[in-house]
Participant: 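Just passing along the structure, written as structure tokens.
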Amino acid sequence: MDRARTAAVPATRPEARPRTRTRRTVTWLGVAAALAVVGAVAPDAAAATYRYDCRRLAGAGSYSSPKQLGNVTGRTVVAVDCPPLTSGLPYNHRYFSFTLTRAARVPSLVGATFRLTSGQSSAVNPSLSRGPVTWLHTSAGIWTRDRTTGALNGRYLPLAPYPGGGVLPAGTYRVDMQKLRSPLSSLSTPWFNVVVAVS
């Protein structure tokens with residue numbers, strides 16, 4: 001369970017709509033197509049992309065010392081080769097933080113990509129918080145699938161358009177990447193990449 005508690009909704013938070021129980025799946029490379037369904041367009045191809053070794057990022061990856069992704073405004077930041085999450089606290093969570101200096105523009109997202117195996121069959125599930133308040137729970141995550149095999153290969157949270165309308169406002173946010181599956185069925189996630197793409 002997230003350490004971040006759900007508190008009173010701040011005035012700047014976009015209005016949330018009731019969640020549905022429909023499981024949504026798309027291909028990771030088809031994210032732009034999925035966003036187009038809700039009136040979005042693909043991110044600007046000229047937008048800068050920054051790739052970092054996840055293990056070399058500043059921060060311990062804990063709730064109080066998240067790994068730092070920095071300013072992601074108008075860019076795509078990818079933290080590659082993040083070690084697997086394993087069962088049991090605190091090993092089933094890893095925290096990352098990023099800053100928006102302006103509101104996100106459509107389309108924008110944060111999520112994780114991974115490749116499940118028979119020995120590492122737990123997915124990586126993101127949630128988004130600001131301070132003590134959970135803004136997007138893992139249940140808002142959209143699954144992605146490999147185009148060829150159909151296997152799950154990622155999960156992301158839409159930042160713009162935000163669920164229920166609007167976009168994510170400027171601020172510093174914490175992403176909690178989680179292993180939710182029981183250790184009885186899987187002890188570990190695969191290695192994974194963290195992706196923040198902000199138009």
Participant: Examine distances only and state if a side-chain atom of R94 and a backbone atom of C82 form a donor-acceptor pair shorter than 3.5 Å.
Facilitator: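 Checking the backbone N and O of C82 against the side chain of R94, no donor-acceptor pair under 3.5 Å is found.
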
Participant: Dump the intermediate steps for side-chain contact (heavy atoms from CB on, under 4.5 Å) on L69 and L57, then the final yes or no.
Facilitator: CA-CA 7 Å; L69 298 173; L57 291 172; 3.7 Å; yes

Participant: Which atoms form the tightest heavy-atom contact between T73 and V198, and what is the distance?
Facilitator: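 Closest approach of T73 to V198: CA-CG1, 4.4 Å.
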
Participant: Testing the basics here: between T76 and A197, what is the closest heavy-atom pair and its distance to 0.1 Å?
Facilitator: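 In this case the closest contact between T76 and A197 is OG1-CB, 3.6 Å.
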
Participant: Does the side chain of V78 come within less than 4.5 Å of V194's, by heavy atoms?
Facilitator: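 No. Closest side-chain heavy atoms not under 4.5 Å.
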
Participant: I need the minimum non-hydrogen distance between P83 and F192, along with the two atoms involved.
Facilitator: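 Smallest heavy-atom distance, with atoms named: O-CE2, 3.2 Å.
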
Participant: To the nearest 0.5 Å, tell me how far T138 OG1 sits from L128 CG.
Facilitator: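 Output value for this atom pair is 12.0 Å.
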
Participant: Answer whether the closest heavy-atom distance between the side chains of V167 and V106 falls below 4.5 Å.
Facilitator: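 V167 vs V106: side chains touch.
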
Participant: Side chain of S62, backbone of S65: donor and acceptor closer than 3.5 Å?
Facilitator: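 Yes.
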
Participant: With rounding to the nearest 0.5 Å, note down the distance linking OG in S188 to NZ in K179.
Facilitator: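 The distance works out to 7.5 Å.
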
Participant: What I'd like to find out is whether the side chain of L136 reaches to under 4.5 Å of the side chain of P163, using heavy atoms alone.
Facilitator: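 In contact.
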
Participant: Give the C-alpha distance, both sets of side-chain angles, the deciding distance and a yes or no for side-chain contact (heavy atoms from CB on, under 4.5 Å) between T101 and N71.
Facilitator: CA-CA 7 Å; T101 57; N71 179 9; 3.9 Å; yes

Participant: Specify the closest pair of heavy atoms between P84 and Q120, including all atoms of both residues, with the distance to one decimal.
Facilitator: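 Distance-wise, the nearest heavy atoms are CG-NE2, 3.7 Å.
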
Participant: Please report the interatomic distance OG1(T149) to CG(L116), rounded to the nearest 0.5 Å.
Facilitator: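 Spacing of OG1 (T149) from CG (L116) equals 9.5 Å.
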
Participant: Would you indicate whether the side-chain heavy atoms of L100 and L168 approach each other to under 4.5 Å?
Facilitator: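 Side-chain contact under 4.5 Å: yes.
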
Participant: Closest heavy-atom contact between D53 and R55?
Facilitator: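 Taking every non-hydrogen atom into account, OD1-N, 2.9 Å.
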
Participant: Quick one: does S97's side chain get under 4.5 Å of R130's, heavy atoms only?
Facilitator: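 S97 vs R130: side chains apart.
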
Participant: Please report the closest heavy-atom contact between S122 and P190, naming both atoms and the distance.
Facilitator: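 Here S122 and P190 meet closest at O-CD, 3.2 Å.
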
Participant: Could you tell me if the side chain of Y50 sits less than 4.5 Å from the side chain of V196, heavy atoms only?
Facilitator: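 They are not in side-chain contact.
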
Participant: Could you go through N92 and T86, starting from their C-alpha distance and side-chain angles, then the distance that decides it, and tell me whether this counts as side-chain contact (heavy atoms from CB on, under 4.5 Å)?
Facilitator: CA-CA 5 Å; N92 57 346; T86 57; over 6 Å; no

Participant: Distance check, rounded to the nearest 0.5 Å: R105 atom CZ versus L159 atom CG?
Facilitator: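 Rounded to the nearest 0.5 Å, the CZ-CG separation comes out at 14.5 Å.
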
Participant: Look up atom CG in D81 and atom CZ in R56, then write down how far apart they are to the nearest 0.5 Å.
Facilitator: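 Answer rounded to 0.5 Å: 11.0 Å.
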
Participant: Examine R174 relative to F96 and say whether NZ or CZ is less than 6.0 Å from the centre of the six-membered ring and inside a 45° cone about the ring axis.
Facilitator: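 The answer is no; the distance or angle limit is not met.
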
Participant: Roughly how far apart are T189 OG1 and N125 CG, rounded to 0.5 Å?
Facilitator: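 Answer for the OG1-CG pair, T189 versus N125, is 9.5 Å.
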
Participant: State, yes or no, whether a side-chain contact exists between T144 and Y156 at a heavy-atom distance under 4.5 Å.
Facilitator: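 Yes, close enough: below the 4.5 Å cut-off.
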
Participant: Indicate yes or no: at least one non-hydrogen side-chain atom of L157 is less than 4.5 angstrom from one of L109.
Facilitator: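 L157 vs L109: side chains apart.
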
Participant: May I ask you to check whether F114 and W191 place their ring centres under 6.0 Å from each other?
Facilitator: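 Ring-ring flag for W191/F114: false, centres at least 6.0 Å apart.
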
